[in-house]
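First comes the structure, then the notes that go with it.
Hydrogens, waters and symmetry mates play no part in the numbers below; they use all other heavy atoms, side chains included. We're numbering straight along the sequence, starting at 1.
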Amino acid sequence: MALYWYMMAMVVPAITVVIFTRLTRNKFLAVLLTFIIFGVSIYRGFYHSEWVIFIDAISIVIGYMLVEIYSLDQVDEE
């Protein structure tokens, strides 16, 4: 079951950054919202390992890099 937490920590924050970026069209607001969500869950005690928190932080950075590479915060006007 511990492997499940590490796998989710690798994927969920990056996807959350991408989804919030597409919704708000602002990558900085998306990262801030993601940090708030995961910060509250850390404060409430839902994490059982410091490694999960570290992997979450790296995943947020990877999500930001994905937004930068694919320019997901740009509005396509036709």
Side-chain angles (χ1 to χ4, degrees):
M1 188 67 172
L3 183 62
Y4 171 77
W5 288 107
Y6 296 114
M7 298 290 285
M8 293 298 287
M10 285 188 261
V11 175
V12 172
I15 292 174
T16 306
V17 170
V18 171
I19 290 172
F20 281 153
T21 300
R22 294 298 292 168
L23 289 175
T24 62
R25 300 281 192 233
N26 189 341
K27 58 188 167 200
F28 303 114
L29 182 62
V31 170
L32 179 68
L33 289 173
T34 306
F35 269 124
I36 289 171
I37 288 173
F38 286 102
V40 168
S41 63
I42 291 168
Y43 177 73
R44 297 289 292 174
F46 293 119
Y47 288 89
H48 66 283
S49 171
E50 289 82 19
W51 280 103
V52 174
I53 297 169
F54 179 71
I55 295 170
D56 275 341
I58 291 173
S59 181
I60 290 172
V61 172
I62 291 171
Y64 179 80
M65 290 180 355
L66 287 172
V67 169
E68 280 289 317
I69 290 171
Y70 294 113
S71 300
L72 297 175
D73 59 334
Q74 304 298 321
V75 178
D76 295 333
E77 303 209 14
E78 296 179 19

Query raised in the report: Are the charged groups of Arg25 and Asp73 less than 4.0 angstrom apart, N to O?
Result: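 A salt bridge is absent here (no side-chain N lies under 4.0 Å from a carboxylate O).
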Report task. Output the distance between atom CD1 (Ile55) and atom OG (Ser49), rounded to the nearest 0.5 Å. Result ->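 Ile55 atom CD1 to Ser49 atom OG measures 7.5 Å (nearest 0.5 Å).
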Query raised in the report: Hey, what do you get for NZ (Lys27) to CE (Met65), rounding to the nearest 0.5 Å?
Result: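 These two atoms lie 13.0 Å from each other.
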Query - side-chain contact (heavy atoms from CB on, under 4.5 Å) involving Tyr43 - partner list, sequence neighbours excluded - result: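 side-chain contact (heavy atoms from CB on, under 4.5 Å) check on Tyr43 returns nothing, list empty.
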Examine [X] and [Y] and state if one hydrophobic cluster contains both, with Ile, Leu, Val, Met, Phe, Trp and Tyr joined whenever side-chain heavy atoms are less than 4.5 Å apart.
| X | Y | answer |
| --- | --- | --- |
| Phe54 | Val52 | yes |
| Ile58 | Val61 | no |
| Tyr47 | Trp51 | yes |

Result block: side-chain N/O donor-acceptor pairs under 3.5 angstrom for residues 3-21, not counting sequence neighbours:
residue: Thr16; atom: OG1; partner: Val12; partner atom: O; Å: 2.7
residue: Thr21; atom: OG1; partner: Val17; partner atom: O; Å: 2.7

Query raised in the report: Is there a donor-acceptor pair under 3.5 Å between the side chain of Arg22 and the backbone N or O of Leu72?
Result: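 Pair found, side chain donor or acceptor close to backbone of Leu72.
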Query - Backbone of Asp56 reached by a side-chain donor or acceptor of Ser59 within 3.5 Å - result: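 No, the answer is negative, given that no donor and acceptor are paired below the 3.5 Å cut-off.
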**Report entry** pair Phe46-Ile42: side-chain heavy atoms closer than 4.5 Å
**Finding:**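 Not in contact.
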